There are 2 protein chains.
Amino acid sequence: MALSHAIMTALLEDQLSGYELTKSFDTSLGFFWKASHQQIYKCLRDLEQQGLLRSEHIAQEGRPDKIIYQLTDAGHAELEQWVFGESKFRESRDDLYVKLYNLTPDNLSHMRLELEQRAETTRERLQLYQRIQARHYAEPTALPLRKRGVALVLRAGIAQCEQYLGWIDDCKQLLGDAY
Amino acid sequence: MALSHAIMTALLEDQLSGYELTKSFDTSLGFFWKASHQQIYKCLRDLEQQGLLRSEHIAQEGRPDKIIYQLTDAGHAELEQWVFGESKFRESRDDLYVKLYNLTPDNLSHMRLELEQRAETTRERLQLYQRIQARHYAEPTALPLRKRGVALVLRAGIAQCEQYLGWIDDCKQLLGDAY
DNA sequence: CTTTACATGTAACTCGTTACATGATTAA
DNA sequence: TTAATCATGTAACGAGTTACATGTAAAG
């Protein structure tokens, strides 16, 4: 299960509650790894049972109590080891590609619309990444090693968005003059 | 379940057995959608039960019998409709990105190695795509609409590979001069 | 007065992977 | 004789989604 390692990674710097993790999985690491709150809460309990995390119950006023988690020594060790394991390359499994195999005059305008929607969300995402990059990762060679890793992930995100937008333009060209 | 639609799509042109589908999912559509034979056989049975596919039992000499499947009218109709539904954008969920968040001097050389392995498999894949493109999709504006769709998917694959290779070069640069 | 944010959970289900199983034929 | 190709399956498990459930407080 790689979600556990993504969660442990998110806990490297801060101790966080399930709720906070869920939110950070909507941004940051979550740009590359989506997870629902149900998955995260479950995974946290499992990791605690395995001794990789330690929890603390925090009473709060005016809002529900929360449970915050932090890495144990065993958790740190596990993460460090995990990095050395093999990781395989998963396919994207995007419906859109399957749909394109089904392109017909009937659905052509619908496909153009879907492509435009993808372009729109991709543009938004790209802007967000670029803002984060400009703010925190503008000078990657000046960063400590771990931050350089994060900077590279961000670059991957940016490059993917740009590539995707270019491809959508290609699609529009090739579909635009059809029928 | 989008796998069913990927399978139905593969059956648009030919009638195929589970075994043949499994192989074509190792190539072609399978570049964008991986599935194991267990998944495929099960899905085929389910689709037949739903009346979207029809099967035929073929006795063979010198090799096992096989069951070939083809789309029914209901299957065609279902596929046509499905294209009009919403499809959402899934994240890549790649371990490698999570690992990069864990970059340390200790694992730096391992990370370089993993990046190089990715580059190698990506280069092979890219060459394969380019060969297919040159052979069958060299002149996309001359193709009928459905083939244009396929050509676009192939272009997406090529552009992704190129982008990925460029990113790996970036990584090497930023990690190469570290420590 | 309704929605959003905070905070955590259960249950059912679908999707996907891994391991195991069978058995013939053909090529190295 | 060992491995690969052909051909189809079961079973167990792990990962991920969707629906449902609860309850307070602040903001609109």
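Order of the sequence lines fixes the chain letters, A, B, ..., with proteins taken first and strands second; residue numbering starts at 1 for each chain. As the structure is a computational prediction, the values presented were derived from the model and not from experiment.
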Could you tell me whether A:Asp46 and A:Lys42 have a side-chain N and a carboxylate O separated by less than 4.0 Å? yes
Whole-Å distance, B:Glu91 CD to D:dA15 P, equals 19 Å
Tightest non-hydrogen contact, residues A:Gly18 and A:Ile40, listed as O-CG2, 4.1 Å
Is there any protein nitrogen or oxygen under 3.5 Å from a nitrogen or oxygen in nucleotides 15-22 of chain C, and what are the pairs?
from	atom 1	to	atom 2	distance (Å)
C:dC15	OP1	B:Met1	N	2.8
C:dG16	OP2	B:Gln39	NE2	2.9
C:dG16	O5'	B:Gln39	NE2	3.4
C:dT17	OP2	B:Gln39	OE1	3.3
C:dT18	OP1	A:Lys88	NZ	3.0
C:dA19	N6	B:Gln38	NE2	2.8

Quiz item: Would A:Glu120 and A:Arg123 count as a salt bridge (charged side-chain N to carboxylate O under 4.0 Å, His left out) if you check the C-alpha gap in whole Å, the side-chain angles of each, and the deciding distance to 0.1 Å?
Solution: CA-CA 5 Å; A:Glu120 189 48 37; A:Arg123 275 188 292 267; 3.0 Å; yes
Any side-chain N or O of A:Tyr19 under 4.0 Å from OP1/OP2 of C:dT8? no
Mind checking whether A:Trp82 and A:His5 have parallel, tilted or perpendicular rings, split at 30° and 60°? parallel
So ring pair (Phe, Tyr, Trp, His ring centres under 6.0 Å) across residues 144-176 of chain B, not counting sequence neighbours, yields A:Phe89-B:Tyr164, B:Tyr97-B:Trp167, B:Tyr164-B:Trp167
Separation of C:dA5 atom P from A:Asp26 atom CG, nearest Å, is 11 Å
To the nearest angstrom, the NZ-C1' distance between A:Lys66 and D:dG23 comes to 18 Å
When every non-hydrogen atom of A:Lys34 is compared with those of A:Gln39, the smallest separation belongs to O-OE1, 4.5 Å
### Message
Side chains of A:His110 and A:Glu114: any donor to acceptor distance under 3.5 Å?
### Response
yes
Contact check, residues 40-65 of chain A vs DNA chain D, heavy-atom distance under 4.0 Å, returns A:Gly62, A:Pro64
Inset, instruction - Describe the nucleic acid contact of A:Thr22 in one word from base, sugar-phosphate, nothing, applying a heavy-atom distance below 4.0 Å. - result: nothing
